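Here's the structure, in structure tokens; my notes come after.
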Amino acid sequence: MVTTQNAVGRFITVEGIEGVGKSTNLSFVANELRRAGHAVVESREPGGTALGERIRDLLLVPDTRIAPLTELLLMFAARAAHLEEVIRPALLSGKWVVCDRFTDASHAYQGGGRGLPAATIDTLASLVQGNLRPDLTLLLDAPLKVAEERQAGRGHRDRFEQESLAFFSRVQKAYLDLAAREPDRVRLIDADRPLAAVQEEIRRVLAELN
Ligand code: TMP
């Protein structure tokens, strides 16, 4: 799939609720691609630029009230900077971009979790992204109980991590709905298995991209 008219690199995103092993597997993806000879840029959302990281800090401070639409607009403000400064230039110069979360997270968290209409999110996505979409999204999924247990030992909880189990259940469902709707792009990976099995599957999925 072509992400932008001129892009030569590929755009891969990693998604999933907290505690499913996103960070470990993101590094794995980046290393696999480097081993295959690609120049890789690793990034994350919200964040990835100086401004985006400051917006991230605002979004994650615990015990702050941010209305759902404000939260969504901040996510897209950070995304606009990230696309402009990092993602588009990297893709246009032939680099592969591996990003920890992107617009699917807005559908899952602000759509599923906060209840904002999908049409609102789609409107912002077309404004900010134009026709750019990930070529591949790895959706790591594990039962909420497993994800919560893995997360429990981490101590400090940010504003999202403070949310209820019901919130994460809606987020997870929204992610699974996205995978059902776009099975070619969004590849569902069962993360409730030993890491070696998860990474073997990721390796197979990545091989299909070449
Ligand atoms: P992270 O801790 O996984 O890096 O992500 C930070 C939080 O931001 C995480 O709880 C999910 C949330 N998020 C959204 O709610 N909407 C978005 O569009 C993005 C990119 C992240």
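Just so you know, ligand 1 is whichever comes first in the structure, and atom 1 is the first atom listed for that ligand. We number each residue from 1, following the sequence as shown. Given the structure is predicted, the values throughout are model-derived calculations rather than measurements.
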For ligand 1, which is the ligand I care about here, please tell me if [X] has any N or O atom under 3.5 Å from one of the ligand's N or O atoms.
X	answer
Ser106	yes
Glu45	no
Asp100	no
Glu71	no

Starting from atom 5 (O) of ligand 1, what is the nearest protein heavy atom, named by residue and atom, and what distance separates them? Arg101 NE, 3.2 Å
Looking at atom 15 (O) of ligand 1, what's its closest protein heavy atom, distance included? Gln110 NE2, 2.8 Å
Among Glu161, Gln162, Met75, which one has a heavy atom closest to atom 14 (C) of ligand 1?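 Nearest heavy atom to atom 14 (C) of ligand 1 lies in Met75.
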Heavy-atom proximity to atom 8 (O) of ligand 1, best of Phe168, Tyr109, Phe102, Phe160: Phe160
With a 3.5 Å distance limit and no angle check, can you tell me whether Arg159 reaches the backbone of Leu59 through a side-chain donor-acceptor pair? yes
Ignoring hydrogens and geometry, is there a side-chain-to-backbone donor-acceptor pair from Asp135 to Ile12 under 3.5 Å? no
Enumerate the residue pairs fulfilling salt bridge (charged side-chain N to carboxylate O under 4.0 Å, His left out) with a member in residues 33-54, sequence neighbours excluded, ordered by first and then second residue. Glu32-Arg35, Arg34-Glu42, Arg44-Glu53, Glu45-Arg79
Starting from the C-alpha separation in whole Å, work towards a yes-or-no answer on side-chain contact (heavy atoms from CB on, under 4.5 Å) for Met75 and Tyr109. CA-CA 11 Å; Met75 293 293 176; Tyr109 285 77; over 6 Å; no
Quick one: pull up CD in Glu182 and CZ in Arg133 and give me the separation to the nearest 0.5 Å. 8.5 Å
Kindly give the heavy-atom pair with the smallest separation between Val198 and Ala191, and that separation in Å. CG2-CA, 3.9 Å
Could you list which atoms of ligand 1 come closer than 4.0 Å to a heavy atom of [X]?
X	answer
Glu18	9 (C), 10 (O)
Arg56	1 (P), 2 (O), 4 (O)
Lys22	3 (O)

Residue that, paired with Ile189, satisfies side-chain contact (heavy atoms from CB on, under 4.5 Å) out of Ile202, Val20, Asp141, Leu139: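 Considering Ile202, Val20, Asp141, Leu139, a side-chain contact (heavy atoms from CB on, under 4.5 Å) with Ile189 is found only for Ile202.
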Does ligand 1 have any atom that is closer than 4.0 Å to a heavy atom of Arg159?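 Flag not set, Arg159 not near ligand 1.
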For ligand 1, does Pro46 get within less than 4.0 Å through its side chain, its backbone, both, or neither, judged by non-hydrogen atoms?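 Under 4.0 Å from ligand 1, Pro46 contributes backbone and side-chain atoms.
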With a sphere of 6.0 Å drawn around NZ of Lys95, does it hold more than 12 non-hydrogen atoms of other residues, nucleotides or ligands?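 No, not enclosed.
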